[in-house]
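To start, the structure itself, in structure tokens.
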Amino acid sequence: MLPAAPKLLTVAETATLLRVSKPTVYRWAASGYLPSIQYGQPRVEGESRRGGAIRIPSSAVQELLDLATEEVA
């Protein structure tokens with residue numbers, strides 16, 4: 001039996017939950033600050049359209065929210 005798949009969030013859902021902009025989520029994902037899963041067609045150099053899709057595990061978002069709560073308290 002396969003293990004349960006983690007719940008994955010879109011960039012827009014993640015931005016809403018963290019109360020940041022979508023470009024911030026993309027930047028955090030690219031830098032590794034926010035773990036992400038990228039799948040689909042990679043972006044072709046020189047093309048203006050985006051490649052693939054990014055999903056963020058909900059557990060990573062929860063960890064950031066918990067960290068922010070600890071800093072406030």
Side-chain angles (χ1 to χ4, degrees):
M1 186 172 244
L2 293 174
K7 178 160 172 45
L8 301 175
L9 303 171
T10 65
V11 170
E13 291 169 335
T14 301
T16 299
L17 289 171
L18 296 176
R19 302 176 96 180
V20 297
S21 67
K22 290 193 301 185
T24 298
V25 175
Y26 282 113
R27 196 168 41 253
W28 286 353
S31 72
Y33 178 70
L34 185 61
S36 63
I37 299 168
Q38 188 166 10
Y39 60 93
Q41 298 279 334
R43 182 177 178 167
V44 177
E45 193 65 35
E47 248 186 66
S48 60
R49 68 178 185 86
R50 293 186 216 166
I54 295 176
R55 295 294 180 265
I56 316 306
S58 61
S59 59
V61 174
Q62 188 60 48
E63 286 177 21
L64 278 179
L65 291 172
D66 292 344
L67 182 64
T69 304
E70 289 175 8
E71 289 179 359
V72 171

When rounded to the nearest 0.5 Å, the distance separating NZ of K7 from OG of S59 is 11.5 Å

S36 and A29: which non-hydrogen atoms are nearest, and at how many Å? OG-CB, 3.6 Å

If you define the side chain from C-beta out and look only at heavy atoms, does anything of T10 sit under 4.5 Å from R55? yes

Mind checking whether L9 and V61 have side chains closer than 4.5 Å, heavy atoms only? yes

Would you say that I56 contacts L8 through its side chain, given a criterion of any heavy-atom pair below 4.5 Å between the two side chains? no

Interatomic spacing from CZ in R19 to CG in L65 - rounded to 0.5 Å: 10.5 Å

Rounded to the nearest 0.5 Å, what separation is found between the CD atom of Q62 and the CG atom of L17? 9.0 Å

For the pair I54 and I37, evaluate side-chain contact (heavy atoms from CB on, under 4.5 Å) and give the outcome as yes or no after the intermediate values. CA-CA 6 Å; I54 295 176; I37 299 168; over 6 Å; no

Distance in Å, S21 OG paired with R27 CZ, rounded so as to fall on 0.5 Å steps: 6.0 Å

Are the side chains of W28 and L18 in contact, using a 4.5 Å heavy-atom criterion? yes

